[in-house]
There are 2 protein chains.
Amino acid sequence: MPLDDRKKKILQVVVDDYVSTYEPVGSKALIERHNLNVSSATVRSEMAELEKLGLIEKPHTSAGRIPSDRGYREYVDSLMHVDNLSDNDRKIITSRISKSVDEVSDLIKNASNALSISTGFASLAITPRLRRSYLTQLKMLMIEPGKVLVVVVLSEGVVKDKLVRIPNFLTDKQVAMISASVESALSGKPLEEITLITVTSSVKNANIPDSLLNQVLYEAYTAIKQADKLDIYLQGEHRMLSLPDFNEMSKARELLDTLSDDGMIAGYVNELGSEVIDDKSNSSDNSCMIRIGQEIALEGFDDCSFITTTYKIGDTLIGNIGVIGPKRMEYSKVISQIDFVRNTLSDEMKKLYE
Amino acid sequence: MPLDDRKKKILQVVVDDYVSTYEPVGSKALIERHNLNVSSATVRSEMAELEKLGLIEKPHTSAGRIPSDRGYREYVDSLMHVDNLSDNDRKIITSRISKSVDEVSDLIKNASNALSISTGFASLAITPRLRRSYLTQLKMLMIEPGKVLVVVVLSEGVVKDKLVRIPNFLTDKQVAMISASVESALSGKPLEEITLITVTSSVKNANIPDSLLNQVLYEAYTAIKQADKLDIYLQGEHRMLSLPDFNEMSKARELLDTLSDDGMIAGYVNELGSEVIDDKSNSSDNSCMIRIGQEIALEGFDDCSFITTTYKIGDTLIGNIGVIGPKRMEYSKVISQIDFVRNTLSDEMKKLYE
DNA sequence: TTTGGCACTCGAAGACAAAGAGTGCTAACA
DNA sequence: TGTTAGCACTCTTTGTCTTCGAGTGCCAAA
């Protein structure tokens, strides 16, 4: 059922007006604000059809119409035109991201923060998936007897470490020997292929009782595995409280309750992300993933939209960044903001890696 | 102006009742719920005096009384009796804290989380102040040319590290030499005494051009300095939305806005903490710091109380942990919860350090 | 000093009406 | 056949008024 031009136009202005006023838009107000060259009665009958198609709906009989989830979807998919960001917005974002940082994670945090500030919504960023990175170095640094810092270096220069406990009487040398063995056996292997078995079988003839050795190797294994862990940075949740969409306390509460569960959000976005990454056809560099209202199967997100995109470190590392805002948002503006943040982030990444 | 026993009793039940009902308590309701053996008229005149003393107040003429900030203060200082925690509460807290962790920071996070869950309020924890710890080790681990992981080990076995960039053409050996020099020059020195000057003057005759050397040393210095940084873990902010005290959107918004600024809260609590630490007379192990309503000079905290206490790692490291709740809270219960969390945290710390 | 009684205050809650925006439907029109 | 004007109807919003009740302050008597 392709929409004719007039229906498209009407849907578009319904969305536009509703987004900017947060008031259901009626036939009369609509023709007053936009010159459609038709009467309100015509608009009414068109609206009735749009409603039949499930694209708009009325909160109650005598109110105007508001876009339904499917209406927003249609708008986003084919009615919206993404415009360029104003110089001012660019400046604000650039300055927030380009603050000098040493660690990649800080850079990602800054980018997410810039996004939250410039959109006025909540933002999120997920550190890159590292499953397919491979191990390049593994060092074990004795801090004191029984306590070792395991440093894991991955192919893209990513460094992760973990403090672990090992049997007290192992010497510096023994530990160094173990880590060298593990490193030489596993370096070049993708993280996802490293298992407890490959780790334990990487050390032979160590002259150390098996049980002790295995303890150390187990810790080494956990250190390697946790390098794979995704971190999520969720910021600006409180900004959602300033939106009229969440003026109702119960809505605000539900939203923030869910939002407080980092892990759940990370898992959800991660899945979204994976879809696109695996679906090569769709992975054009500039595409955002958009989930609107009920499309997000999380409690309290009925009035929200997720807009996320991917960023890259080098050629292989892929993470996500995006916003969580009200579904009643200026999609085109937010998309261009995200896009700009993504690009700025990439640039800064490159600088960081010289 | 010491209160006579009856006034004390009345103030006490006003607080108790108001805390449990969130309704201004009137003279009649008061004598009905508690057998004071006096008439409501007597209570009324007593209340009028308590009001004159600034301990209670009325929201409006024909309502009951609610405690003022000073009323809560009086209650907390001399009317309240801290009772023991129920076995059930203990179990809940213990199980949340004793989840196996490797890092001290996770333990602290768990403790803070347990506090938030068991109180139903927001909680915070601040990592220990390390200014007075001294450096025991400094290692620089070459990750790749131009990229070095600086590992700082402090007296209490605390390990911090930072990835830094150095000139590309410095060799493994040169870096090792530099770090060894710095370590031997500075180990044993308290963090607060380490300055850029002490760091740079610790390496002599390095056979490396000064400008390069200084770059490396500067990075080493920043790595050491950032070991001193306080981290704050703020959790369960969203729980505040479920309290009737913050049903008004504007209050909730203001509170969460301020709460979203970790740094500000950290700074504030840090100051509170320092006061008590420096004031030896008051640093009895079990004391909580309590700040009520306007005593907290932060925007949006008029209806909140801070209750914080200190925890120790070993004998010297002192951090803070506490809750941010509505000032209309069961102080005695919360205090015993914090106290129990603190003790459990200490126990687990010991286990972690064997 | 305590108490019962009483007039008074003020907010909460409910009822009701008027206003206003918007709808659907129908009949007429180009 | 698509468009439009007109009209009755619906439903929320807003404001006003009233009632109800809990609570107060004050006073005179015990």
Apply the test side chain to side chain contact (heavy atoms under 4.5 Å, CB included) to residues A/Asp245 and A/Met240: give CA-CA distance (whole Å), side-chain angles for both, the deciding distance (0.1 Å), then the verdict.
CA-CA 8 Å; A/Asp245 310 64; A/Met240 303 297 270; over 6 Å; no
Whole angstroms only, please: what is the CG-P distance between B/Asp4 and C/dT1?
11 Å
Every protein N/O lying under 3.5 Å from an N/O of nucleotides 28-30 of chain D:
none

Going from CD1 on B/Ile292 to OG on B/Ser68, what distance comes out if it is rounded to the nearest 0.5 angstrom?
9.5 Å
Per the atom types in the model, does the base of C/dG5 pair as donor or acceptor with the side chain of B/Arg44 at under 3.5 Å?
yes
Rounded to whole Å, CE of B/Met47 lies from P of D/dA22 at a distance of 16 Å
With the threshold set at under 4.0 Å for non-hydrogen atoms, list the residues of residues 10-19 of chain B touching DNA chain C in residue-number order.
none
Quick check on contacts: within residues 28-43 of chain B, what sits under 4.0 Å from DNA chain D by heavy-atom distance?
none
When the distance from CD of A/Glu57 to P of C/dT23 is rounded to whole Å, what number comes out?
14 Å
Please check the phosphate of D/dT24 (OP1 and OP2 only) for any side-chain N or O of B/Ser27 closer than 4.0 Å.
yes
Any pair counted as salt bridge (charged side-chain N to carboxylate O under 4.0 Å, His left out), so long as it reaches residues 18-30 of chain B, sequence neighbours left out
none
Output a table of donor-acceptor pairs, distance under 3.5 Å, between side-chain atoms of residues 300-307 of chain A and any protein atom two or more places apart or on a different chain; print 'none' if there are none.
unit_1, atom_1, unit_2, atom_2, d
A/Asp303, OD2, A/Lys251, NZ, 3.1
A/Ser305, OG, A/Tyr331, OH, 2.8

When rounded to whole Å, the CD1 to C1' distance for the pair B/Ile66 and D/dA22 reads 16 Å
How long is the line joining CZ of A/Arg65 and C1' of C/dT23, in whole Å?
7 Å
Using whole Å, what does the distance between atom P of nucleotide D/dT24 and atom NZ of B/Lys52 come to?
15 Å
For a quick check under 3.5 Å, do A/Ser78 and A/Glu74 share a side-chain donor-acceptor pair by atom type?
yes
The residue among B/Gln235, B/Met329, B/Glu237, B/Gln337 that forms side-chain contact (heavy atoms from CB on, under 4.5 Å) with B/Phe121 is B/Met329
Any donor-acceptor N or O pair under 3.5 Å, side chains B/His34, B/Asp16:
no
Between D/dT1 (P) and A/Glu46 (CD): distance, integer Å
16 Å
Nucleotides 8-10 of chain C: which of its N/O atoms have a protein N/O under 3.5 Å away?
unit_1, atom_1, unit_2, atom_2, d
C/dC10, O2, B/Ser62, OG, 2.8

Rounded to the nearest 0.5 Å, what's the gap from CE on B/Met249 to CG on B/Asn247? Could you check?
10.0 Å
State, to 0.1 Å, how close B/His238 and A/Leu256 come at their nearest heavy-atom pair, and which atoms those are.
CB-O, 3.8 Å
Would you say the side chain of A/Leu3 lies within less than 4.5 Å of the side chain of A/Leu79, judging by non-hydrogen atoms?
no
From CG of A/Leu50 over to C1' of C/dG24, roughly how many Å is that when rounded to an integer?
16 Å
Is there a side chain to side chain contact (heavy atoms under 4.5 Å, CB included) between B/Asn113 and B/Arg96 once you walk through the steps?
CA-CA 8 Å; B/Asn113 192 229; B/Arg96 297 232 155 235; 4.2 Å; yes
A/Glu299 CD to A/Leu255 CG distance, which is reported to the nearest 0.5 Å
11.0 Å
A/Leu234 pairs by side-chain contact (heavy atoms from CB on, under 4.5 Å) with which of A/Val269, A/Asp261, A/Leu124?
A/Leu124
Testing the 3.5 Å rule here: is there a donor-acceptor pair between the side chains of B/Thr258 and B/Glu254?
no
